[in-house]
Visitor: 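Before we start, here is the structure in question, set down as structure tokens.
Sequence lines set the chain letters: A, B, ... in the order given, protein chains first and strands last, and positions in each chain run from 1.
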Amino acid sequence: MAAFRKESQDDEDDYWSGIHKNKNKKKFNLFADDVSVEQADQMAKTKILLKANDFDEDSDTINWDGSSVAVTSTSTSKQSPTKPAQDITSTKKSSPSALAPPQSPIMSKLRTQTHSRSQSVTLGINPTVSIQPATVTSTYSRSTERLPGSSSNISLQEVVSNSAPRAVSSNDRAKMAEEIRFLQRSLQRAKESGTTKLPVEDTVRCMITGEPFSLEVYRCREEKIELLDRALNTHDGNAIITIVLFLQRTIKTSIFNLELQKRPVAVNHYINYLKNHYDFEVLVDLLGFLGRNEEAAMFKYKQAVSASDAGVKIKSLKTCHRAHFMTDQGLAHNTSLLEEHISLLERQRPIEDADARDEQEGKVMLFKSYPRKSSIINMSVITTLYYCCFYHPGLSENSLASPAAIRRDYKLTDKQYLWIALSARSRLKQWTGIEELFMTKGWFGGTKAKAVIGFDRVCEVLYKTSAPLDILSKYLRMIDSTDRRIALAKKMKCHDIVVDTYLAMKDRAELTDYAKKLTPHSREAYYAQDALKSSTVKWKN
Amino acid sequence: MSAPSTHFPNVQKIRDVVRNELATLLLSFKGKKDLVLESDLMKPLDRIAGASLLKQHGVDKIFKLDPSQKSIQGCDQRIYLVRPRMRTMKLIADHISGEKNHGTERKYKIIMVPRKLHVCEMILEHEGVFGDVTLDELPLDLIPLDRDILSLELSEFFKTFYLENDHVWLHTVSKSLIGLQALIGMIPNIYCIGRGSKMVYDLMNSILGEKLAGTDYSRNEIGNLILIDRDVDYVTPLCSQLTYEGLLDEAFGINSGYVEFGLDVTGKEQSVKLMLSSEDEIFEEVRNRHFSHVFSYLSNKAKSLQSDFDKRHTLKSVGDMKNYVANELKNLKNQKAVLAHHIGACEVILGKKTKGDFQEILQAEHSMLEGSGLKDNINYIEELINKQHNITQTLRLLCLLSMTQDGIPSKEFKSLKTQFLHSYGYEHMLTCYNLKRLGILTDQEPQALPLNKVTAGVQAAIGKRGSYKSLCKRLALVNTHEATNKYTIGICNIEKGI
């Protein structure tokens, strides 16, 4: 309790000493104009920290006695009662004798503050900075350079004056009170005269040129909207989002949303801000309000898929599906894809569990000879199909890991299935099993080999997995186009096929040519010679 | 692309300006200090100032800003050099408050490149560290990559502006152009193509404000400025690269004018960083050539270098020898090393190109540009999807089809999209969505959305997308008689060990 009382007394002390200083300060400022408004902003900001102190309001007015004192002086003087005062009260309490030391930290603090040309938008309830005569703007940047020196001078003075203990007489108090009243009146006048705030246009200009500015003076809705529109016209994203956030802070949500809705560019900036600020709930609500349902749905989907645990992912995908996809007709295609996504994850989990166990137990040969490279969870449908074709080829359709079931459930096309089944089997070197992939029932119960992807592609797959020559030759023969067959056979060095094809085409010239390129006395060279010598063929050239 | 030119304004001046700014900022902290750099600023900064400049100005240690790192050791003064991003600010704020809690006394400065943003200051304020840092900005915008190429090296511009419709970087573009004009004189004629360009132009005028009235155009070194939006032409970047420089970028990635070759090119464990610019004579000769003509040049160059080397056997006098060693030898050795790298790179590129379906992809591209064989092209893309061909190449072809057809027919679009997601994962629904918003991958379904639902982005996309087909016909963009680009392979006879 005692401490508290002491502190409040200190506060009072500061307040009064502040007034004193203001007096000194005013003189100082009148004769030296090297104190800038940037500093003022900074100081005003520090003041906010102490805004509980109602007296500040009064001290604000001191410089505004109707004369043309620059804003600079106001704010400098404002700073003085607050910041240094704080430091000093603390030192006073501990050891009154050690008054000099606190100077240096204060000074350094001040110096650093003045460096940053902060755009203080967060000024809160602070009429001081609002009272900026339009003419001051032009001198802002010029005065920056000289700042550090001046500010340190000031702080030094202040600290010194502050450190002098003194009693305040009641006579002084009355004088002060009178002065305050006078200054309040003059402030009122200044406000009414209409020169107190920068035109909206100039403020926006300050924003894009990087000069200090204040938004708190714009209190009426029309001004705020004008600010927004002007910012939008500049096309500077920084200015736009600054104003949007100012509006969001100072106007109730319904009006804010209403005005925002009319300005899509502003909306986009706000949305991007919310994303980067991780305000996801607000974002989704806003998108819903704006009727941008697809965007909201996609955003929720993005969040859902970023979950690393499969169980969590399934759960949030389902929530997302219920809340955003099912209800929107326009998203029908995506909805069905999302459903597939969920069902795929639900399928992968048990397969993964079972296979991981089997692999560990080491009972299944396949896992031993071809160890699994990674978990199957989060793999795509096609990769899952490949996996199942590879490790679980023979399973019946009612098993989860059955390739046939996957093909059925995800409505895979014949081509999709064939590519993968073929790759898996040739990787396993099950050359005999390949044949059944192409068997289709003919018209009268017979069977016929047919490949939806074309036998040329089949051969390419087989070649890549280094199938034996006889298997390759078998399928090369099934390629309908002779040109294509020859080209592939040459590339894959199936010489017999080349020779046979030329023979079938009765193209002696090409065959002779080809025979010359073969290694002499090799088996295929004799094969080509035999073909050329054949007497049954009626050559076309 | 670099153009041959005899007289060109000296854009290197830009570098000096930024370098001085940086030096001043560094000196604002007296004595020893540490520098924390964001990783995507490393290479751009390399072009402006080397490590020696930093050391000269009292930088003790240089750290890379690592999002996983909770705190950094080092001396009692620290400067962060970062892009103005909210997430980065949060990270820095965490550093500061963490170290404050540990009782570490330290002075902090954050230099934002190229400028401070309100949202960043706001984060610092919210995190309660605004009083602990000084904020500064370094106007590092245009970076001279070559004597006639300037780049902002701002890769996030595309996403921010075209996808998210955020105008935050337009200011940087405008400001950089103002900076350029301050150095080489005001540019009298400015042309804009696209909505972003117009905005940049407007913003530039607003920043200049009344200064514009008394502009002196007399000392301009550049007569015309043409601003073009990227979204005016998506077709070109969707086509395969065929020049040497383009292929280098595709295979190894060119970053701020540097390319990094690994083991596959150099044959050594340590990777080699090569600066690509017109100063490299060999590169200058081949950069814009069709890839198939690069080998012949390189092989000739190898031979001529070899004969220059051989001159050393025919040197008559000691004087000649001295002259040779003093003047030619070093240059020759350098050239030899560079040539070896280029040849190595060529081999790697060629290996990649012959292995894949490059020839077929080129053919498909060509017929898409001509607007022919829609059915075949769809089948071909389907095949690539089904066999899980490289996703980037597949997607590029898919987008090219959409761009050249002004959208893929609805039924085929659905089927291709489904199969695409089957092959590469359902998560790519997001990829498709983003591409749709950009207007790069769309179906031909009439976009009959109620007006208030149409976002600005989509609106713009619909509005601006001039039909490629009609444009192509009107301007005769594709030379139909041009023989399909064929790669003749002739690298084998270039000897690598010159």
Visitor: Can you confirm whether more than 12 heavy atoms, excluding those of K262(A), are under 6.0 Å from its NZ atom?
Guide: yes
Visitor: With only heavy atoms counted, which part of Y433(B) is less than 4.5 Å from chain A, the side chain, the backbone, both or neither?
Guide: side chain
Visitor: Counting only non-hydrogen atoms closer than 4.5 Å, does Y273(A) touch chain B with its backbone (N, CA, C, O), its side chain (CB onward), both, or neither?
Guide: both
Visitor: With a 6.0 Å cut-off (strictly less than), is the heavy-atom count around OH of Y424(B), excluding the residue itself, greater than 12?
Guide: yes
Visitor: Heavy-atom pairs under 4.5 Å with chain B - which of L337(A), T383(A), V305(A) has more of them than the others?
Guide: L337(A)
Visitor: By a 4.5 Å heavy-atom criterion (distance strictly below it), what part of L412(A) contacts chain B: side chain, backbone, both, or neither?
Guide: side chain
Visitor: Between L421(B), I123(B), L430(B), which shows the greatest number of heavy-atom pairs under 4.5 Å with chain A?
Guide: L430(B)
Visitor: Is chain B contacted by the side chain of S336(A), its backbone, both, or neither, given a heavy-atom distance below 4.5 Å?
Guide: neither
Visitor: In terms of side-chain heavy atoms, does H235(A) have a donor or acceptor partner in S174(B) at a distance below 3.5 Å?
Guide: no
Visitor: How far does OG of S423(B) sit from CH2 of W419(A), to the nearest 0.5 angstrom?
Guide: 11.0 Å
Visitor: Begin with the C-alpha distance, continue with both residues' side-chain angles, and end with the deciding distance and a verdict on side chain to side chain contact (heavy atoms under 4.5 Å, CB included) for H333(A) and D443(B).
Guide: CA-CA 12 Å; H333(A) 187 224; D443(B) 63 356; over 6 Å; no
Visitor: How close do S380(A) and G425(B) get, heavy atom to heavy atom, and via which atoms?
Guide: CB-N, 3.3 Å
Visitor: When only pairs under 4.5 Å are counted, which of V168(B), V200(B), D166(B) shares the most heavy-atom pairs with chain A?
Guide: D166(B)
Visitor: Using a cut-off of under 4.5 Å on heavy-atom pairs, state which of N434(B), I207(B), N379(B) scores highest against chain A.
Guide: I207(B)
Visitor: Examine whether an atom of I420(A) lies under 4.5 Å from a heavy atom of chain B, and if so say whether it belongs to the side chain, the backbone or both; otherwise answer neither.
Guide: side chain
Visitor: Do L338(A) and Y426(B) have side-chain heavy atoms sitting under 4.5 Å apart?
Guide: no
Visitor: Would I453(A) and E383(B) count as a side chain to side chain contact (heavy atoms under 4.5 Å, CB included) here? Give the steps.
Guide: CA-CA 8 Å; I453(A) 59 171; E383(B) 185 187 312; over 6 Å; no
Visitor: Under 3.5 Å, is there a donor-acceptor pair linking the side chains of H269(A) and E164(B)?
Guide: no
Visitor: Under a 4.5 Å cut-off applied to non-hydrogen side-chain atoms, are N334(A) and M429(B) in contact?
Guide: yes
Visitor: Assess whether a salt bridge exists between E294(A) and R437(B), defined as any Lys/Arg side-chain N lying under 4.0 Å from an Asp/Glu carboxylate O.
Guide: no
Visitor: Is it the case that more than 12 heavy atoms not belonging to E156(B) sit under 6.0 Å from its CD atom?
Guide: yes
Visitor: Would you say the side chain of E427(B) lies within less than 4.5 Å of the side chain of H341(A), judging by non-hydrogen atoms?
Guide: yes
Visitor: Using non-hydrogen atoms only, which part of L385(A) is less than 4.5 Å away from chain B: side chain, backbone, both, or neither?
Guide: neither
Visitor: Using a 4.5 angstrom heavy-atom cutoff, name the option from K275(A), E340(A), K411(A), K415(A) with the most pairs to chain B.
Guide: E340(A)
Visitor: If I measure from the heavy atoms of chain A, does Q388(B) come under 4.5 Å with its side chain, its backbone, both, or neither?
Guide: side chain
Visitor: Knowing that exactly one of I241(A), N272(A), T242(A) qualifies, which makes a side chain to side chain contact (heavy atoms under 4.5 Å, CB included) with V119(B)?
Guide: I241(A)
Visitor: How far apart are the C-alpha atoms of R115(B) and D236(A), what are their side-chain angles, what is the distance that settles it, and do they pass the salt bridge (Lys or Arg N to Asp or Glu O under 4.0 Å) test?
Guide: CA-CA 12 Å; R115(B) 70 158 172 161; D236(A) 176 17; 2.6 Å; yes
Visitor: Once you round to the nearest 0.5 Å, how far does CG of N386(B) lie from CD1 of I382(A)?
Guide: 6.5 Å
Visitor: Are side-chain heavy atoms of H277(A) and R87(B) found at a separation under 4.5 Å?
Guide: no
Visitor: For H118(B) versus N238(A), what's the shortest heavy-atom pair and its separation?
Guide: N-OD1, 2.9 Å
Visitor: Please determine if E382(B) and R457(A) form a salt bridge, counting it only when a charged side-chain N lies under 4.0 Å from a carboxylate O.
Guide: no
Visitor: Go through the side-chain N and O atoms of K90(B) and N276(A) and say whether any donor and acceptor fall under 3.5 Å apart.
Guide: no
Visitor: Roughly how far apart are N268(A) CG and F161(B) CZ, rounded to 0.5 Å?
Guide: 11.0 Å
Visitor: Say you draw a straight line from OG1 of T384(A) to NE2 of H422(B); how long is it, rounded to the nearest 0.5 Å?
Guide: 10.5 Å
Visitor: Please determine which of V204(A), I208(A), T209(A) meets the side chain to side chain contact (heavy atoms under 4.5 Å, CB included) test together with S206(B).
Guide: I208(A)
Visitor: Can you tell me which portion of K313(A) sits under 4.5 Å from chain B's heavy atoms? Options are side chain, backbone, both or neither.
Guide: side chain
Visitor: Can you say whether L344(A) sits under 4.5 Å from chain B via the side chain, the backbone, both, or neither, judging by heavy atoms?
Guide: side chain
Visitor: Between M86(B) and chain A, with a heavy-atom cut-off of 4.5 Å, which part of the residue counts as in contact: side chain, backbone, both or neither?
Guide: side chain
Visitor: Do L203(B) and T234(A) come close enough that some side-chain heavy atom pair is under 4.5 Å?
Guide: yes
